[in-house]
K.L.:
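Mind having a look at this structure? Questions to follow.
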Amino acid sequence: MGHTRVVTLTLNPALDMTVRADGWQQNTVNSGQDMHLNAGGKGVNVASFLADWGVNVTATGLLGRENASAFDTLFRAKHIEDAFIRVPGSTRVGVKIVDHARQQTTDINLPGLTATPELLQALEAKLAELSANHDVFVLAGSLPPGIESDYYAKLVAQLRQAGKFVALDTSGPALNAALAADTLPNLVKPNNHELSAALGKELNSETDLLDAAHNLLKRGVELVVISQGEEGALLVTPGDIVKARPPRVQVVSTVGAGDAMVAGLVAAHLDRLSLAAAARRATSFSVGNITRLGAHLPPRAELDDIAARVDVSAIRPADPLKV
Ligand SMILES: Nc1ncnc2c1ncn2[C@@H]1O[C@H](COP(=O)(O)OP(=O)(O)OP(=O)(O)O)[C@@H](O)[C@H]1O
Ligand SMILES: [Mg+2]
């Protein structure tokens with residue numbers, strides 16, 4: 001293994017519990033068939049994909065002490081360096097009750113941790129410590145209660161000031177604040193809906209999306225990736241635009257498709273890939289992930305096969321070129 005270089009930050013991780021109970025009824029006693037616990041949250045997922053790819057990765061953030069064992073198991077299994085701040089209480093739990101017989105899913109989302117000034121101070125000390133031997137920081141997911149919506153904007157400014165490469169994947173007010181700040185991340189990967197909401201304008205055409213991307217590039221972002229679900233993604237740098245369309249695959253679960261794309265983009269950055277090659281790699285991570293359950297990549301040979309089948313085309317204003 002090489003030198004540890006990438007940190008993922010997850011301020012609002014989640015423990016997902018999926019219970020299968022076919023034909024279950026309310027207000028009575030039911031039998032279940034199966035229960036599965038999954039340690040997640042966007043930064044945890046990104047760390048999981050990067051670890052599968054062979055990147056040395058450190059995961060930090062806030063983790064509830066009372067239900068951390070699924071996280072401990074994941075970090076141990078994938079050799080992810082655990083730099084989470086342990087917090088009194090429980091990480092938020094999402095309960096999913098799946099009924100295969102009736103093809104229904106019921107979700108119950110429980111509240112999680114609330115950040116305090118003391119916890120944020122501990123977190124910032126941890127980030128400063130990690131800065132000594134990491135140069136890429138991935139800030140991912142929502143902010144828990146107790147954190148102001150401009151918190152990512154503040155961290156981005158600090159990390160970039162320290163010369164770090166910063167990738168941001170969030171949504172809502174946190175994305176809005178981060179995109180309105182003076183110092184922007186090096187890489188952002190909103191989906192088209194998140195970008196539209198953050199900028200407060202409709203982005204209906206490819207031209208609208210590219211205008212929005214170019215505006216962010218002018219203000220200091222180096223790579224804007226706008227994902228569009230099964231449509232694929234637009235990758236935009238000051239000099240190039242590419243569109244990456246995924247091959248058709250048997251979809252098992254699209255959960256984490258965007259997180260896999262972020263991991264693929266970070267892996268591409270570490271290898272200094274061209275934009276077209278980055279588009280292929282990021283899409284192969286996403287598509288590889290959606291063919292299985294959980295935040296895992298398929299074996300390298302399968303990823304290579306998917307990557308070869310990604311349709312990557314260069315876009316010049318009104319002049320698409322195949323690359
Ligand atoms: N149904 C699908 N079929 C094929 N590829 C898909 C599908 N959904 C997503 N992808 C791939 O995954 C990439 C990212 O997906 P998407 O735009 O849905 O991310 P997201 O909205 O950020 O997801 P997340 O819920 O993980 O945050 C897409 O660009 C595409 O390559
Ligand atoms: Mg996403």
Side-chain angles (χ1 to χ4, degrees), residues 8-14 16 38-50 94 96 105 107 109 138-143 152 167-172 174-176 178-179 185 187-198 203 206 209 212-213 223-236 241-268 275-298 302-303 305-313 315:
T8 72
L9 172 70
T10 316
L11 291 168
N12 204 14
D16 295 318
N38 186 57
K42 288 187 178 294
V44 171
N45 292 344
V46 172
S48 184
F49 294 122
L50 285 171
K96 199 179 271 297
T105 298
D107 282 283
N109 292 325
V138 181
L139 317 181
S142 57
L143 298 172
Y152 280 138
L168 176 70
D169 181 11
T170 188
S171 59
L175 180 60
N176 177 283
L179 297 185
L187 163 62
V188 289
K189 194 229 61 71
N191 64 37
N192 50 339
H193 308 292
E194 290 165 343
L195 185 60
S196 164
L203 303 171
E206 190 166 273
L209 292 170
L223 171 58
V224 178
V225 179
I226 305 171
S227 64
Q228 302 167 276
E230 64 184 323
E231 265 275 292
L234 283 167
L235 291 85
V236 193
I241 307 168
V242 304
K243 171 94 195 211
R245 291 182 183 80
R248 284 202 167 281
V249 290
Q250 193 72 44
V251 177
V252 174
S253 161
T254 59
V255 173
D259 308 337
M261 179 154 269
V262 172
L265 294 166
V266 169
L275 192 63
R280 235 175 243 295
R281 179 171 295 171
T283 305
S284 74
F285 276 37
S286 289
V287 171
N289 169 61
I290 68 177
T291 61
R292 56 229 326 112
L293 279 179
H296 308 293
L297 293 182
E302 195 178 323
L303 277 176
D305 176 63
I306 297 167
R309 290 160 51 220
V310 177
D311 177 45
V312 179
S313 48
I315 296 177

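Counting starts at 1 for both ligands and their atoms, following the listed order. Heads up: numbering here begins at 1 and tracks the sequence.
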K.L.:
Geometry only, no angles: is N191 polar-contacting ligand 1 at N/O separations under 3.5 Å?
P.N.:
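Right, the criterion is met.
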K.L.:
Below 4.0 Å, non-hydrogen atoms only: which portion of H193 touches ligand 1? Side chain, backbone, both or neither.
P.N.:
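The answer is neither.
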K.L.:
Closest heavy-atom contact between A295 and N289?
P.N.:
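Smallest interatomic distance, heavy atoms only, reads CA-OD1, 3.8 Å.
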K.L.:
Have a look at K189, K42, Q228 and point out the one with the heavy atom closest to atom 22 (O) of ligand 1.
P.N.:
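Result: the heavy atom closest to atom 22 (O) of ligand 1 is in K189.
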K.L.:
If I take atom CG from residue L223 and atom CG from residue L187, how far apart are they, to the nearest 0.5 angstrom?
P.N.:
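Atom-to-atom, L223:CG and L187:CG are 5.0 Å apart.
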K.L.:
Any atoms of ligand 1 less than 4.0 Å from a non-hydrogen atom of E230? List them with their elements.
P.N.:
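In order of numbering, the contacting atoms are 1 (N), 2 (C), 3 (N), 6 (C), 7 (C), 8 (N).
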K.L.:
Can an N or O of E194 be found at a distance shorter than 3.5 Å from an N or O of ligand 1?
P.N.:
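Min N/O separation from ligand 1 is not below 3.5 Å for E194.
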K.L.:
Considering G258, A295, S284, which one's heavy-atom position lies nearest to atom 23 (O) of ligand 1?
P.N.:
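Among G258, A295, S284, the closest heavy atom to atom 23 (O) of ligand 1 comes from G258.
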K.L.:
Do we see a donor-acceptor contact under 3.5 Å between the side chains of T105 and K96?
P.N.:
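No pair is found: no donor N or O on one side chain lies under 3.5 Å from an acceptor on the other.
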K.L.:
Find all atoms of ligand 1 within a distance of less than 4.0 Å from any non-hydrogen atom belonging to A233, and give their numbers and elements.
P.N.:
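Taking each heavy atom of A233 in turn, ligand 1 has 29 (O) under 4.0 Å.
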K.L.:
Which atoms from ligand 1 have a heavy atom of S227 less than 4.0 Å away?
P.N.:
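Answer, ordered by atom number: 14 (C), 16 (P), 17 (O), 19 (O), 22 (O), 29 (O).
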K.L.:
Heavy atoms only: which of P247, G229, S286 lies closest to atom 8 (N) of ligand 1?
P.N.:
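Shortest heavy-atom distance from atom 8 (N) of ligand 1: G229.
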K.L.:
Applying the side-chain contact (heavy atoms from CB on, under 4.5 Å) criterion to V188, which one of L195, V225, L179, D169 satisfies it?
P.N.:
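Among L195, V225, L179, D169, the one that satisfies the side-chain contact (heavy atoms from CB on, under 4.5 Å) with V188 is L179.
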K.L.:
Say whether M261, considering both its backbone and side-chain N or O atoms, lies within less than 3.5 Å of an N or O atom on ligand 1.
P.N.:
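Checking ligand 1 against M261, no N or O pair falls under 3.5 Å apart.
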K.L.:
In ligand 1, which numbered atoms sit nearer than 4.0 Å to a non-hydrogen atom of G232?
P.N.:
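That gives atoms 28 (C), 29 (O) of ligand 1.
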K.L.:
Can you tell me if R281 uses its side chain to pair, donor with acceptor, with the backbone of G264 under 3.5 Å?
P.N.:
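Here the side-chain-to-backbone pair does not exist.
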K.L.:
Out of V310, V249, L234, T283, indicate the one that has the non-hydrogen atom closest to atom 31 (O) of ligand 1.
P.N.:
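Checking each option, the heavy atom nearest atom 31 (O) of ligand 1 is found in T283.
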K.L.:
With heavy-atom distances below 4.0 Å as the criterion, list the atoms of ligand 1 near D259.
P.N.:
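Selected atoms, number and element: 26 (O).
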K.L.:
Considering non-hydrogen atoms only, spot the tightest contact between S227 and A233 and give its length.
P.N.:
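Distance-wise, the nearest heavy atoms are CA-CB, 3.9 Å.
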K.L.:
Backbone N or O of E194 within a donor-acceptor pair of the S171 side chain at under 3.5 Å?
P.N.:
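Pair absent, no side-chain N/O of S171 close to backbone of E194.
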K.L.:
Tell me the contacting part of I290 for ligand 1: side chain, backbone, both, or neither, using a 4.0 Å heavy-atom threshold, strictly below.
P.N.:
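Near ligand 1, I290 shows its side chain, while the N, CA, C and O stay back.
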K.L.:
Looking at L293 and S253, what are the two nearest heavy atoms and their distance?
P.N.:
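Minimum heavy-atom contact is CD2-CB, 4.0 Å.
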K.L.:
When you compare the side chain of R309 with that of V287, does any pair of heavy atoms fall below 4.5 Å?
P.N.:
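With C-beta onward as the side chain, the pair stays apart.
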K.L.:
Let me know which of V310, D305, D311 forms a side-chain contact (heavy atoms from CB on, under 4.5 Å) with P247.
P.N.:
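Exactly one candidate clears the test, V310.
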K.L.:
Return yes or no for this condition: an N or O of A257 is under 3.5 Å from an N or O of ligand 1.
P.N.:
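Yes; the residue has a nitrogen or oxygen that sits under 3.5 Å from a nitrogen or oxygen of the ligand.
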